[in-house]
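Below: one structure, written as structure tokens.
Note that the numbering runs from 1 along the sequence shown for the chain. Whatever order the structure lists ligands and atoms in, that order sets their numbers, starting from 1.
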Amino acid sequence: MTDLQELILHRRSIRKFTDRPLTFEEKRAILCSALVAPSSKNRRPCRFVLVDDREMINKLMRCKLIGALPLETATWVLVVVADPTQSDAWIEDAAIAATFAQLQAEDIGLGSCWVQVRGRDYNEETSSSEYIKELLEIPAQMEVECLLAFGEKNEERKPYSADKLQIERLHLNKWQHRAPWLDKEITY
Ligand SMILES: Cc1cc2nc3c(=O)[nH]c(=O)nc-3n(C[C@H](O)[C@H](O)[C@H](O)COP(=O)(O)O)c2cc1C
């Protein structure tokens with residue numbers, strides 16, 4: 001297990017993968033993390049559809065016109081689904097579960113990329129979520145939050161460093177007060 005701070009700084013979206021399939025242990029680690037993610041009132045409204053069939057991944061890639069390219073070489077895709085009738089915080093719950101899965105992938109040396117689905121469109125009549133639900137036979141009341149593309153990394157990306165933090169986004173006690181001391185405290 002790596003140091004969490006190190007892990008977070010090194011995690012980058014990976015959009016190119018080798019053709020090595022994920023092992024059972026790798027998949028299990030990612031799924032355990034997604035399943036154990038916190039949820040509002042512990043309602044656990046999220047479900048996950050595991051897709052390893054190349055033809056199906058190609059079809060998922062067509063869910064929107066731009067931004068789905070990480071699926072082109074992904075060997076494993078997790079479709080993050082939630083039931084809005086179970087929780088009014090389903091978007092947050094799904095996003096946290098997806099993030100847990102991505103951080104777990106990084107921890108075991110794998111790459112991943114979030115592909116946004118909620119709020120995106122397949123075409124003028126059909127949302128990306130509806131297209132995916134039809135494709136995977138997901139019940140009507142469910143919503144698709146995102147697709148997570150996973151695989152062995154086939155590109156190198158620089159980790160984050162101090163100049164990328166944008167500390168101007170921090171406010172001390174009140175909005176108009178900057179937090180200048182953080183300049184000295186953060187030493188990545
Ligand atoms: C909510 C959300 C939606 C995203 N949607 C997409 C997407 O549809 N396609 C894509 O290639 N990357 C997507 N990304 C990845 C972002 O582009 C990426 O996180 C951002 O550029 C910062 O880069 P980094 O992840 O390497 O730090 C998404 C990330 C988030 C958090």
Side chain to side chain donor-acceptor pair (under 3.5 Å) against Ser33, all qualifying residues, sequence neighbours excluded: Gln104

Verdict with supporting geometry, Arg62 and Asn58, side chain to side chain donor-acceptor pair (under 3.5 Å): CA-CA 7 Å; Arg62 288 181 219 131; Asn58 288 342; over 6 Å; no

Co-members of Tyr131 in a cluster of I, L, V, M, F, W and Y side chains, linked at under 4.5 Å: Val49, Val51, Met56, Ile57, Leu60, Met61, Leu71, Val77, Val79, Val81, Val115, Val117, Tyr122, Ile132, Leu135, Leu136, Ile138, Met142, Val144, Leu147

Shell of residues surrounding ligand 1, defined by a 4.0 angstrom heavy-atom cut-off that is strict: Arg11, Arg12, Ser13, Arg15, Lys64, Gly67, Pro70, Cys113, Trp114, Val115, Gln116, Arg157, Tyr160

Spatial distance of atom NZ (Lys41) from atom OG (Ser87) [nearest 0.5 Å]: 7.5 Å

Separation of Arg15 CZ from Cys113 SG (nearest 0.5 Å): 4.0 Å

Remaining members of hydrophobic cluster (4.5 Å side-chain criterion), Ile66: none

